[in-house]
> 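I'd like to ask some things about the structure below.
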Amino acid sequence: MPEPRAVVIAAFPGVELLEVTGPAEVFSVASRLLEGHAPAYRVEIAAVRSGPLPTAAGISLVAERSLAELRPGVDTLLVAGAMENDGGRYRAVVDPEVVAWLATEAPAARRVGGVCAGVHLLAEAGLLTGLPATTHWLTADHLAARYPDIAVDPEPIFIRAGRIWTCAGVTAALDLALAMVAEDHGPAIALDVARAMVMYVKRPGGQTQFSVPLSLQASADDRIDELRRWIDDNLAERIPVEAMAARVHLSVRHFARVFRDCTGRTPADYLEAVRVEAARRLLEESARSLPDIAAASGLGSVETLHRAFRRRLGATPAEYRRRFRPHATAR
C-alpha cells in the first residue's frame, strides 16, 4: 500500500488555533475515508522548537518535532499565522525563525500553502514573488504595501498559483484543505469529507470573503437594515428607487442620501450588487438557464445579466459557471 502523504503544519507561539487544527482535521477525515483505497495523509505539527505550543485561543498544542528535525519528503507544507492589534490596526505576526526555515526548505515540498496571516511568512521568505495571493482582509492592505511584487487580491477565499496556495482568514483554511483533498483524490472524496464534517462544500476559491450585505459598513438606521432584508426577499420583483424610498417613508432625495450614509453605496449600486451575487450563487449551485437566472435574480434579461457580470466580475455568466461549476450542464 502506498505511503501516506506527509502534511506538515508549520506554527509558532501565538498561532491561531483553527488554522492548525482545521486543516489537520480535514486531512484526518480524508485519511479515514480513504483507508485501504488510496494514499492517505500523515499530519504533524512542527515549530522552531518541539513541545508545547501556546495558541491565540489560550489552548496549547504540541509540536511533535522541530522544523529542523523534519524528515525529507514533505508532500504538503502549510504555514499557519497569527495577527496582533497594533494601535487599532491588525498586522500579521512574522516569526523570523520560521521565515528563515521556509526560505531554504519550502522549495522541496510538492505543495505549499499559506493560511490567513501565515501568507505573510511566505511573502517574507520570497515564495510569493510575482504571484497572485490572498490573505485575511484585515491584513491584505499591509501585505500589498510591503510586497508590491505580489498581486494581492483581498477578495477570494483562496488562490492557487501552481504549487503555491494562499487563503483568507481562519475558516477558509478548511476550504483550502478541502480543495487540496479534491486535487489529490477527486471532488467526490472532498464532498464526502465535507459531509462528514458537516461543512458547506460549495465555496470555490474565487468566491469573495464576504457577501455584499456583510461587506457594507454597519448601518445605524434600523429602517435601512429592514429595507435591505426586504430587498433580499424580493429580488425578482421590479424595485425602483421610488419604491425603496416609500418603504422607509422618505422622499427619494432624502432616502438616497440616508442610504448612502448608512451603506456607503447608492441604492442602485447596492441593488445591482446583490442581484449579481444572487445570480452567482445560482450559477454555482444549479444548472438553471441564463434566462431563468436573470429573472430570478431580478436582472431581467440575459443582456443585462451579461453587462452586470462584465462590469463587476470581468467575466461572462458562462465563463463564471465554467470556472466555479465546471461539471454543470445548463438546461
> Could you point out which residue of Glu105, Arg42, Glu44 forms a side chain to side chain contact (heavy atoms under 4.5 Å, CB included) with Val8?
Glu44
> Quickly, which of Arg312, Arg311, Arg260 forms a salt bridge (Lys or Arg N to Asp or Glu O under 4.0 Å) with Asp269? Name it, please.
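Only match with Asp269 under salt bridge (Lys or Arg N to Asp or Glu O under 4.0 Å): Arg312.
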> Are any non-hydrogen side-chain atoms of Arg223 and Leu227 less than 4.5 angstrom apart?
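No. Closest side-chain heavy atoms not under 4.5 Å.
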> Do Tyr147 and Glu124 touch side chain to side chain, with heavy atoms closer than 4.5 Å?
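Sidechains of Glu124 and Tyr147: in contact.
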> Do Phe27 and Val181 have side chains that approach each other closer than 4.5 Å (heavy atoms only, starting at C-beta)?
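Result yes, sub-4.5 Å side-chain heavy-atom pair found.
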> Honestly curious: do Val112 and Trp165 fall in one hydrophobic cluster under the side-chain, below-4.5 Å linking rule?
no
> Looking at Asn234, I'd like to know if its CG atom is crowded, meaning that more than 12 non-hydrogen atoms belonging to other residues, nucleotides or ligands lie closer than 6.0 Å.
yes
> Between Val276 and Phe309, is any pair of side-chain heavy atoms under 4.5 Å apart?
yes
> Is the shortest side-chain heavy-atom distance between Val119 and Thr134 below 4.5 Å?
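Contact flag for Val119/Thr134 side chains = no.
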> Taking atom CZ as the centre, does Arg163 end up with more than 12 heavy-atom neighbours from other residues, nucleotides or ligands that are less than 6.0 angstrom away?
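Count over threshold, so yes.
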> I'd like to know if Glu183 pairs up with Arg5 as an ion pair, taking the criterion as any Lys NZ or Arg NE/NH1/NH2 lying under 4.0 Å from an Asp or Glu carboxylate oxygen.
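No, this pair does not count.
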> Does atom CZ of Arg238 have more than 12 heavy-atom neighbours from other groups under 6.0 Å away?
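Not buried by this count: 12 neighbours or fewer within 6.0 Å.
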> Quick one: does Arg71's side chain get under 4.5 Å of Arg65's, heavy atoms only?
yes
> Can a salt bridge be assigned to the pair Arg49 and Glu97 using a cut-off of 4.0 Å between side-chain N and carboxylate O?
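Looking at Glu97 together with Arg49, the answer is yes, because their closest N to O distance falls below 4.0 Å.
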> Could you tell me whether Glu277 and Arg281 have a side-chain N and a carboxylate O separated by less than 4.0 Å?
yes
> Considering only NZ, NE, NH1 and NH2 on the basic side and carboxylate oxygens on the acidic side, decide whether Asp184 and Arg111 come within less than 4.0 Å.
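Yes, Asp184 and Arg111 are salt-bridged.
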> Do side-chain atoms of Asp86 reach the backbone of Arg89 as a donor and acceptor pair under 3.5 angstrom?
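No, Asp86 side chain to Arg89 backbone: no donor-acceptor pair under 3.5 Å.
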> Taking side chain as C-beta onward, heavy atoms only, is Arg321 less than 4.5 Å from Ser286?
yes
> Search all heavy atoms of Thr139 against all heavy atoms of Tyr90 and return the closest pair with its distance.
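Between these two residues, the closest heavy atoms are CG2-O, 4.0 Å.
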> Any salt bridge between Asp225 and Arg228, counting N to O under 4.0 Å?
yes
> Under 4.0 Å between a Lys/Arg side-chain N and an Asp/Glu carboxylate O for Arg247 and Glu226?
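The answer is no: the pair does not qualify as a salt bridge.
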> Per the side chain to side chain contact (heavy atoms under 4.5 Å, CB included) rule, which among Val48, Thr55, Val98 passes with Phe12?
Val98
> Any side-chain heavy atom of His306 within less than 4.5 Å of one from Pro317?
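When only atoms from C-beta onward are counted, Pro317 and His306 do touch, with a gap below 4.5 Å.
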> Looking only at heavy atoms, what is the nearest atom pair of Val26 and Val193, with distance?
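Shortest heavy-atom separation between Val26 and Val193 comes out as O-CG1, 3.9 Å.
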> Minimum heavy-atom separation for Trp101 and Leu77, please, with both atom names.
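Taking Trp101 first and Leu77 second, the nearest heavy atoms are CZ3-CD2, 3.7 Å.
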> Please report the shortest heavy-atom distance between Ser297 and Ala278, naming the atom on each side.
CB-CB, 4.2 Å
